[in-house]
Every structure is written in structure tokens, then in C-alpha cells.
Amino acid sequence: MIPDIIDEPEPIDFTWFYFIGKKKLNLSFHETGRLTLKMFGILYKHYKDDWDLEMKLRRSETTYHQAYLQAQKDEEWL
């Protein structure tokens, strides 16, 4: 006889959510625990986008003002 293979889903490890909430989003454990998964995802996406911008500016040695002027210049041709 062939045994039935039952794929039981692994439980979700919520410690990752608490870690990101505490270290990256600067929330308390209570505040992180009160977030919905959708709101957590939205906040984390904003954090990642901001981090990406910071790294791009740092690597190119560009200031926020220079980046703003470049964005305005790029939009002028529209």
C-alpha cells in the first residue's frame, strides 16, 4: 500500500513581522501586533521604496535638491 502524503501547511512565523516592525518601521511590539497584514505590507513597501531612494542618492552623491531639480527637468518635455 502507498501511504497517503498529507501536506500540512507550516504555521506562520510572526517573529519576522515583529522584527521588521520594531527594527525597520520603529513601531512597538504592541503597535506591530495591532496592524493588519495589508497595512503592514503597505508600510513595509513604503519603507523599502524610501530605502532604495536613499541608497541611490548616496551612491550617486546626489542631494534631495539636485534629485528634485532633475525630476522637474525630466518632466518638462511632457
Side-chain angles (χ1 to χ4, degrees):
M1 251 171 81
I2 301 174
D4 293 335
I5 298 174
I6 299 174
D7 291 333
E8 294 183 19
E10 293 185 26
I12 298 173
D13 182 12
F14 285 99
T15 58
W16 180 82
F17 292 102
Y18 285 105
F19 172 77
I20 297 298
K22 184 74 173 165
K23 295 296 182 182
K24 304 296 183 187
L25 301 176
N26 201 27
L27 300 172
S28 69
F29 287 122
H30 180 73
E31 291 170 327
T32 302
R34 300 286 298 164
L35 291 175
T36 62
L37 290 178
K38 183 175 182 174
M39 180 55 75
F40 179 88
I42 291 169
L43 291 173
Y44 190 53
K45 181 184 180 312
H46 288 306
Y47 166 78
K48 291 188 299 184
D49 292 343
D50 184 59
W51 190 85
D52 289 343
L53 175 62
E54 292 284 335
M55 289 298 106
K56 285 180 185 178
L57 292 176
R58 184 174 293 163
R59 293 204 55 169
S60 66
E61 297 180 356
T62 304
T63 64
Y64 281 104
H65 182 69
Q66 291 169 334
Y68 175 77
L69 293 177
Q70 184 63 37
Q72 296 300 314
K73 181 180 172 187
D74 291 346
E75 290 180 6
E76 284 180 4
W77 69 274
L78 293 175

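Every value quoted in this text rests on a predicted model; they were computed, and no experiment measured them. Hydrogens, waters and symmetry mates play no part in the numbers below; they use all other heavy atoms, side chains included. The chain is numbered in sequence order, starting from 1.
Hydrophobic clustering, with ILVMFWY side chains joined whenever heavy atoms are under 4.5 angstrom apart, groups W16 together with Y18. The cluster map of Ile, Leu, Val, Met, Phe, Trp and Tyr, joined by side-chain heavy atoms under 4.5 Å apart, puts Y44 and M55 in the same cluster. Both W51 and F19 are members of a single hydrophobic cluster when ILVMFWY side chains are connected at heavy-atom separations under 4.5 Å.
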Distance-only donor-acceptor pairs under 3.5 Å for side chains of residues 21-41, two or more places apart:
{"unit_1": "S28", "atom_1": "OG", "unit_2": "H30", "atom_2": "N", "d": "3.4"}
{"unit_1": "S28", "atom_1": "OG", "unit_2": "E31", "atom_2": "N", "d": "3.0"}
{"unit_1": "S28", "atom_1": "OG", "unit_2": "E31", "atom_2": "OE1", "d": "3.4"}
{"unit_1": "E31", "atom_1": "OE1", "unit_2": "S28", "atom_2": "N", "d": "2.8"}
{"unit_1": "T32", "atom_1": "OG1", "unit_2": "S28", "atom_2": "O", "d": "2.9"}
{"unit_1": "T36", "atom_1": "OG1", "unit_2": "M39", "atom_2": "N", "d": "3.1"}

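Contact of the F17 side chain with the I12 side chain is registered, since non-hydrogen atoms from C-beta on lie closer than 4.5 Å.
In terms of heavy-atom proximity, L57 sits nearest to A67 at CD2-CB, 3.7 Å. Minimum heavy-atom separation, Q66 to E61: OE1-O, 4.0 Å.
A salt bridge between K48 and D52 is absent, with no side-chain N of the basic residue lying under 4.0 Å from a carboxylate O of the acidic one.
Distance check, rounded to the nearest 0.5 Å: CD of Q70 to CD of E75 gives 11.0 Å.
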